[in-house]
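If you read the sequence from its start, that first residue is 1, and numbering goes on from there.
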Amino acid sequence: MGNMLNTLSSSDVLSKVRGFYTSLSSSEKKVADFVLEHYEETIRMTLADVAQESGVSDATVLRFCRSIGY
C-alpha cells in the first residue's frame, strides 16, 4: 500500500508540474524540466541541489514551488 501511495503522489506532482508548465517563467521551466526528467532523484535532493542541477538560483526553485502550489 505504501508504494501505491508513493506512486499516486508522484503522478499527482508530475501532473501538477505539467499543468502549470505554460504559466512558468523560463527559469522556472528549467526547474520543471529537471523535475520531470529526474523525479525520483529530485525527491531526495535539497533545494540548493535542485537549483544547481537545473542551472538556476535557489530563489528560482522556491518560486517554482510556489508557482505550482507548494
Side-chain angles (χ1 to χ4, degrees):
M1 178 113 164
N3 286 340
M4 187 173 93
L5 292 176
N6 290 339
T7 302
L8 289 174
S9 64
S10 67
S11 70
D12 289 347
V13 171
L14 296 175
S15 293
K16 197 170 209 180
V17 172
R18 288 184 191 105
F20 281 97
Y21 192 86
T22 58
S23 66
L24 299 174
S25 71
S26 59
S27 294
E28 290 170 332
K29 285 179 181 173
K30 288 181 183 180
V31 180
D33 291 339
F34 180 78
V35 170
L36 291 169
E37 292 175 29
H38 304 96
Y39 180 75
E40 288 299 321
E41 297 142 55
T42 304
I43 60 176
R44 294 175 184 83
M45 297 171 77
T46 65
L47 181 145
D49 291 339
V50 174
Q52 184 176 8
E53 292 295 323
S54 302
V56 300
S57 69
D58 292 6
T60 298
V61 177
L62 188 55
R63 274 193 307 277
F64 164 78
C65 293
R66 289 180 178 157
S67 291
I68 65 167
Y70 291 107

Undergrad: So, using side-chain contact (heavy atoms from CB on, under 4.5 Å) as the criterion, who are the partners of Glu37 when residues are at least two apart?
TA: Asp33

Undergrad: Mind listing the closest non-hydrogen atom pair of Arg44 and Glu40 along with its distance?
TA: NH1-O, 2.6 Å

Undergrad: About how many Å separate CD of Glu41 and CD of Glu53, when rounded to the nearest 0.5 Å?
TA: 8.5 Å

Undergrad: Check side-chain contact (heavy atoms from CB on, under 4.5 Å) between Ser54 and all other residues, then give those that pass, not counting sequence neighbours.
TA: Val31, Phe34, Val50, Val56

Undergrad: What distance do Ser11 atom OG and Lys16 atom NZ have between them, rounded to the nearest 0.5 Å?
TA: 12.5 Å

Undergrad: Taking all heavy atoms of Ala32 and all of Leu24, pick out the closest pair and write down the distance.
TA: CB-CD1, 3.8 Å

Undergrad: State which residues pass side-chain contact (heavy atoms from CB on, under 4.5 Å) with Ser26; sequence neighbours excluded, sorted by chain then number.
TA: none

Undergrad: Identify, with sequence neighbours excluded, every residue that meets side-chain hydrogen bond (donor to acceptor under 3.5 Å, both in side chains) alongside Asp49.
TA: Thr46

Undergrad: Enumerate, atom names and distances included, each donor-acceptor pair closer than 3.5 Å involving a side-chain atom of residues 59-70, sequence neighbours excluded.
TA:
from	atom 1	to	atom 2	distance (Å)
Thr60	OG1	Ser57	OG	3.0
Thr60	OG1	Arg63	NH2	2.9
Ser67	OG	Glu28	OE2	3.0
Ser67	OG	Arg63	O	2.9

